[in-house]
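As structure tokens, the structure follows; a few thoughts come after it.
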There are 2 protein chains.
Amino acid sequence: MTTQDIEPTRAPASAGQSPTLEMVAARAGVSRATVSRVVNSSPKVTAEVVALVQNAIAELNYVPNRAARSLASRKTQVIALVVPESAAKVFDDPFFASVVQGVALYLADTDYTLNLLIASETKSDKTRRYLLGGNVDGALVVSHHSGDHSYTRLGQQLPIVFGGRPINPETAEGHYVDVDNVAGARVATQRLIERGCRSIATIAGPQDMPPGIDRLAGWREALASAGIDDSLIEYGDYSPDDGAEAMRRLLARGVPIDGLFTYSDQLAAGAYSVIREAGLTIPGDIAVVGYDDDRYASTIDPPLTTVNQAPTAMGAKMAEIVVRLIDGEEIDTATTMPTKLVVRDSA
Amino acid sequence: MTTQDIEPTRAPASAGQSPTLEMVAARAGVSRATVSRVVNSSPKVTAEVVALVQNAIAELNYVPNRAARSLASRKTQVIALVVPESAAKVFDDPFFASVVQGVALYLADTDYTLNLLIASETKSDKTRRYLLGGNVDGALVVSHHSGDHSYTRLGQQLPIVFGGRPINPETAEGHYVDVDNVAGARVATQRLIERGCRSIATIAGPQDMPPGIDRLAGWREALASAGIDDSLIEYGDYSPDDGAEAMRRLLARGVPIDGLFTYSDQLAAGAYSVIREAGLTIPGDIAVVGYDDDRYASTIDPPLTTVNQAPTAMGAKMAEIVVRLIDGEEIDTATTMPTKLVVRDSA
DNA sequence: ATGAAAGCGCTAACAC
DNA sequence: GTGTTAGCGCTTTCAT
């Protein structure tokens, strides 16, 4: 009676060490190679053998060791999601949080594992090394400053996709998926025009990054094709306070305004309070359309008409693209996601 | 002239394959074992040799291969962050998003890598297997439903820490770090009392999970020690809309209310609008204190007095604890993080 | 303090 | 279709 015989037929999800492929092979009475084939669903294995092996796997509760697999196959099955710390606020930003969610959700259905990396600027080359050190099969980079794309160069050595169009597409390496900011802003502004607004202002965003530039451009396009003046521009950064100040400056110009498009919902929220302070109503006196469709857009009073960017879809798309890139597919450098106008009460 | 001789003295951050430990050894003129020791900062290596090796490493731009290292050392250096999909909205929730951020930030300074896992309920045992299959050294679980702690049993087999107290601490396995919801709610309510409120209502949260239970308890404690009646309770779930409805019910009771504590800022936002509709002022007629200190708390009008939970600190703490657990330290099962009252204009 | 050698658990030719 | 046999790049006794 050998040790083998003593082993219970149904090994309990048991004890100490994880079962190895070799143990599965022994139990199924086949070679390790065959087990490996079954695990990797190779087509050339008899159905009977497959069943045999799968039983053994189930009985032993076998799980392949990733490190060993990766070492032997020279594939890591991991995809890094790099979040530059400057944009560490990513998680403060519902948009990015959702992108991350989309990525994770997509990858959950694949054999890839998601590696979340916060790349502080001070050790950005620790990150760089990590990425190029053969520790990941591909990378995703999300950042506010799609402008600074400091990881841009990695594109040549590793499948990588950026969230957001680089400031300078011709110059950048790698793929990116972007939201169609121009179209989003155009449609938003058109909504104002269709409503009858004829003096339409905008609180634009930072002009040193693509979204800011594109949304302003979309606003201009819409006004241009309606023959409306486009000089009512003030800039805001991020917070509602910025929006409030910009709105004050707009009102201070003394020219009547009946429509407002803002770079973000947050900016719109700030503008709301100033409009009210001025004794004006929304949308009665000034109709407003925001951008982002963030959590509070439907909450503020009146509920804000805004542009939805489907961030989880964007995240999923980014993930899908790296995976295909890893598989060697050729893919367009740019992928643009559509936006959708969400009409509520403010315009 | 061998291939060796052809190799340039300063290998450019170059080409195809990543340099291996063996290449470093060759260049430094030592054995692989020594290089390994240097890489792992073993104490017993001569300073000179260390320098030699480090030069070689720098010149070759060597990065250890994680898979190989992990296979040989039987450690993965990976920590999983499990986000049950039910709570997939985690990322919609700024609180959780920040916890994730805290975890990532903490781990960025260690040699651990963060594995983000979305565990859908349908394949929760795919996740379970993955975790127990020796693919990670430890796990972090964040969830709204800390009640269902379905990963609770893993605690025996893997270092694991939960975000949020389990519904039933005695029953649960594993460590957890929780925010002191009782104290947070108590202090918030005391603020109302100190302000002179004597008829204090609450819009409580779901009573099937710890935070909901604890915050309601904290409210009760405060009222009890001030001898104030504690029957003005209505429940809300998550959204501002829930808050609005709850507020309506509260007002419909016909009893005057001069103070309100809500389970969340979102609920408070909803209550705001109803209070206004009723022609009441904040904080004049009704002072309100929220909970979470989320992004909009300072934005709404009037800026909301609320309770800040320092979620990134909580995330960092969770990460710190798994790491110490992995290192074999003994740690208290429960860790409680403090909260802070943020006074603004609403109370 | 350093080197030699034996694996870690798996995949991938290559043979049969 | 299945088994044999080398490694993948690193850590880790065990000598020296």
Side-chain angles (χ1 to χ4, degrees), chain A residues 16-54 56-57 60-78 111 113 129-130 132-137, chain B residues 16-54 56-57 60-78 111 113 129-130 132-137:
Chain A
Q17 288 318 310
S18 300
T20 68
L21 187 156
E22 181 153 22
M23 296 168 63
V24 174
R27 187 186 204 82
V30 301
S31 73
R32 299 184 314 179
T34 297
V35 176
S36 176
R37 290 189 183 100
V38 172
V39 170
N40 297 292
S41 35
S42 152
K44 33 186 178 177
V45 185
T46 318
E48 309 152 43
V49 178
V50 170
L52 217 56
V53 173
Q54 281 175 336
I57 289 181
L60 294 175
N61 213 289
Y62 168 77
V63 181
N65 176 309
R66 259 187 126 89
R69 203 216 279 258
S70 157
L71 184 57
S73 67
R74 310 169 127 287
K75 292 183 169 230
T76 66
Q77 293 291 93
V78 359
D111 271 330
T113 250
R129 281 167 191 281
Y130 177 76
L132 293 179
N135 295 306
V136 304
D137 287 344
Chain B
Q17 289 317 312
S18 301
T20 68
L21 187 157
E22 181 153 21
M23 296 168 64
V24 175
R27 188 185 204 82
V30 300
S31 73
R32 300 184 310 175
T34 297
V35 176
S36 177
R37 293 190 181 99
V38 172
V39 169
N40 297 293
S41 35
S42 151
K44 35 186 177 180
V45 183
T46 319
E48 308 152 45
V49 178
V50 171
L52 217 56
V53 173
Q54 282 175 336
I57 289 180
L60 293 175
N61 215 288
Y62 167 77
V63 180
N65 175 310
R66 260 186 126 89
R69 204 216 279 257
S70 157
L71 184 56
S73 66
R74 311 168 127 287
K75 294 184 168 227
T76 65
Q77 295 288 95
V78 173
D111 270 330
T113 251
R129 280 168 191 282
Y130 177 75
L132 292 180
N135 295 306
V136 306
D137 288 343

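Computed from a predicted structure; not experimentally measured. Order of the sequence lines fixes the chain letters, A, B, ..., with proteins taken first and strands second; residue numbering starts at 1 for each chain.
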Original post:
In whole angstroms, how far is the P atom of C/dT11 from the CD atom of A/Q77?
Top reply: 10 Å

Original post:
What pair of heavy atoms forms the shortest contact from A/L71 to B/A67, and how long is it?
Top reply: N-CB, 4.0 Å

Original post:
Considering only side-chain heavy atoms of B/R74, which listed nucleotide, C/dT2, D/dC8, C/dG9, is closest?
Top reply: C/dG9

Subject >> Whole-Å distance separating the NZ atom of B/K44 from the C1' atom of C/dG3 >> reply: 13 Å

Original post:
How far apart are the closest heavy atoms of B/P64 and B/R69, and which atoms are they?
Top reply: CG-NH2, 3.4 Å

**OP:** Ignoring hydrogens and angles, tell me if any N or O in the side chain of B/D137 forms a donor-acceptor pair with the backbone of B/K75 under 3.5 Å.
**Re:** no

Subject >> Relative orientation of the end axes in the helix from C/dA1-D/dT16 to C/dC16-D/dG1, expressed as an angle to the nearest 10° (five pairs per end) >> reply: 30°

Original post:
Got a second to check how far B/T34's OG1 is from B/L21's CG, nearest 0.5 Å?
Top reply: 9.5 Å

**OP:** Please report the closest heavy-atom contact between A/S18 and B/L132, naming both atoms and the distance.
**Re:** OG-O, 3.9 Å

Original post:
Quick one: CE on B/M23 to CG on B/L60, what's the gap to the nearest 0.5 Å?
Top reply: 5.5 Å

Original post:
OP1, OP2 of D/dG3 versus side-chain N and O of A/T34: anything below 4.0 Å?
Top reply: yes

Subject >> Footprint string (nucleotides 10-16 of chain D, 5' to 3'): B base within contact, S backbone only, - free, heavy atoms under 4.0 Å >> reply: BBBB---

Original post:
Can you tell me if B/R66 uses its side chain to pair, donor with acceptor, with the backbone of A/Y130 under 3.5 Å?
Top reply: no

Subject >> OP1 or OP2 of D/dT2 under 4.0 Å from side-chain N/O of A/T46 >> reply: yes

Subject >> By side chain to side chain donor-acceptor pair (under 3.5 Å) - contacts of A/T20 (at least two apart) >> reply: none

